[in-house]
Amino acid sequence: MKILSIDTSCDDTSVAISENKNILANVFWSKMKLHTKWGGVVPNEAKRQHEEFLEPAINQVLEDSRLKITDIDYFAVTYGPGLAVALEAGIKKAKELAIKYNKPLVAVDHMVGHIYANLAHDEKSSPLSNLDDFEFPLIALTISGGHTELVLMESHLNFKIIGSKIDDALGECIDKVGRILGMPFPAGKYIEEAAEKGNRNICKFPIPMLKSDNFNFSYSGLKTAVLYKVRDHILKAHNIKLDQTIKITNFSSYLDKEDINNFAASFQYSAFEEIVSKVEKALIQYNPKMFIVGGGVIANKTLRLLLEEICKKYNTPLYYPLPFWLCTDNAAMIAIAAYYYITNNVGIYSNSKLDLVDRIPGLKINSAGI
Ligand code: KG4
Ligand code: ZN
């Protein structure tokens, strides 16, 4: 079964081709440079560039996999969650292809893709994350720019959210703190690099939600705490009065490298302690057979070490997508998820039913129509 998949959930345009669970080709086009200029994603710019790049990306994956478009059995596309106008661009293209080649369309939840990326195989059918299949019950943690979720799975494509963000997502908070510290967008890898050189004991931030008795996450208070600590540090160090305005975007010009590294280290420590404390609670309560992680933030080495330690303490095997490009947004994970949708006979739309496929920007994983 050959699947051509499209993901345009945010600012990366990605197209992939898989054969069953084997990834044959994947291309991304990332508009990081453009967004660095604006410090965030500009929805209409993202849409315009998805429209411009989808056609060449499709040609590229066909060439890389040495296939013709008529060899494709299913087209798959992300229908949410994500930016409405960006999702629309991918859905429109996928529908055009499904109609032109008279093939079914599979509508995939992006977060299901992040979880199922763990089951991707290479062209020779070898599992890339050393994981051939899931063992249930399992707990999945998805941590990205838009999501922070703990999901319990009792069987394939059966999701129960046990904890989720109540305000900012972890990646979103990392990107906002990065902006305060003068880092380019997205800030994840810059925060990580700075934190490695910094001393987290120079200043301390509260660990969010530590005492709460549920599995939810909150990051907006931590972001505000960083903002005020950095501002107060600047006022004191430069003898500036509170009524003199300095823009957040100028904060970094008042900070030296050491300050930035120390703030990054303290912030990262508090942010990750919250994740680890909730994961520990979930491991104790649900005693899962495996713990899997998806989403861009797991690219962070310190977080991976912390999660490895806590999973080891409870004898729970930990998996995350490998190679690392499978952790961040990509269309290969959408193709792998689509393979499971197809084999479980869900989320498949014939040409006469395509009107039912629409973007759902705020899609929740357990309302994916499964
Ligand atoms: O999954 P993803 O590629 O896109 C979304 O669906 O949002 O995740 C992107 C997020 C961004 O917030 C980015 O700053 C964060 O992942 N990220 C990291 C690292 N690399 C990317 N956060 C911490 N450390 C990293 N090394
Ligand atoms: Zn994502």
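First listed ligand is number 1; within each ligand, the first listed atom is number 1. None of the values given here were measured: they were computed from a predicted structure. Nothing fancy with the numbering, it's 1 onward along the sequence.
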Which atoms from ligand 1 have a heavy atom of [X] less than 4.0 Å away?
{"X": "S144", "answer": "1 (O), 5 (C), 6 (O), 7 (O), 8 (O)"}
{"X": "T328", "answer": "3 (O)"}
{"X": "G146", "answer": "7 (O)"}
{"X": "V297", "answer": "15 (C), 16 (O), 18 (C), 22 (N), 23 (C)"}
{"X": "P186", "answer": "13 (C), 14 (O)"}

K21 and Y340 side chains, donor-acceptor separation under 3.5 Å: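 Short answer, yes.
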If you measure every N/O of [X] against every N/O of ligand 1, is any gap under 3.5 Å?
{"X": "G145", "value": "yes"}
{"X": "G171", "value": "yes"}
{"X": "I174", "value": "no"}

May I ask you to say whether [X] pairs ionically with [Y], meaning some side-chain N is under 4.0 Å from a carboxylate O?
{"X": "E258", "Y": "K197", "value": "no"}
{"X": "K92", "Y": "E88", "value": "no"}
{"X": "K160", "Y": "E154", "value": "no"}
{"X": "R304", "Y": "E308", "value": "no"}
{"X": "K93", "Y": "E96", "value": "yes"}
{"X": "K223", "Y": "D168", "value": "yes"}

Using non-hydrogen atoms of the residue, decide whether [X] is closer than 4.0 angstrom to ligand 1.
{"X": "D175", "result": "yes"}
{"X": "A187", "result": "yes"}
{"X": "H114", "result": "yes"}
{"X": "H147", "result": "no"}

F215 and Y286 aromatic ring geometry - parallel, tilted or perpendicular at 30°/60° bounds: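 If you compare the ring of Y286 with that of F215, the planes turn out tilted.
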Whether F159 and Y116 hold their rings parallel, tilted or perpendicular, with breakpoints at 30° and 60°: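 F159 and Y116: perpendicular rings.
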side-chain hydrogen bond (donor to acceptor under 3.5 Å, both in side chains) between H233 and D259, worked out: CA-CA 9 Å; H233 172 87; D259 294 331; 3.2 Å; yes
Verdict with reasoning, L131 to L119, per side-chain contact (heavy atoms from CB on, under 4.5 Å): CA-CA 6 Å; L131 184 57; L119 295 181; 3.8 Å; yes
Nearest protein heavy atom with distance in Å, relative to atom 6 (O) of ligand 1: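 Scanning the protein heavy atoms, the shortest distance from atom 6 (O) of ligand 1 goes to D329 OD1, 3.0 Å.
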For atom 21 (C) of ligand 1, closest protein heavy-atom neighbour: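 Going atom by atom, the protein heavy atom closest to atom 21 (C) of ligand 1 ends up being G296 O, 3.5 Å.
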With respect to [atom], which of [options] exhibits the smallest heavy-atom separation?
{"atom": "atom 26 (N) of ligand 1", "options": "K301, E192, M333", "result": "E192"}
{"atom": "atom 25 (C) of ligand 1", "options": "A169, A117, G188", "result": "G188"}
{"atom": "atom 24 (N) of ligand 1", "options": "I298, N300, T302", "result": "N300"}

Apex the Zn ion (ligand 2); atoms H110 NE2 and D329 OD1; angle rounded to 10 degrees: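 NE2 of H110 and OD1 of D329 make an angle of 90° at the Zn ion (ligand 2), to the nearest 10°.
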NZ/K189: more than 12 non-hydrogen atoms of other groups inside 6.0 Å: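 Open.
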Region of H110 engaging ligand 1 - heavy atom pairs below 4.0 Å: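 Under 4.0 Å from ligand 1, H110 contributes side-chain atoms alone.
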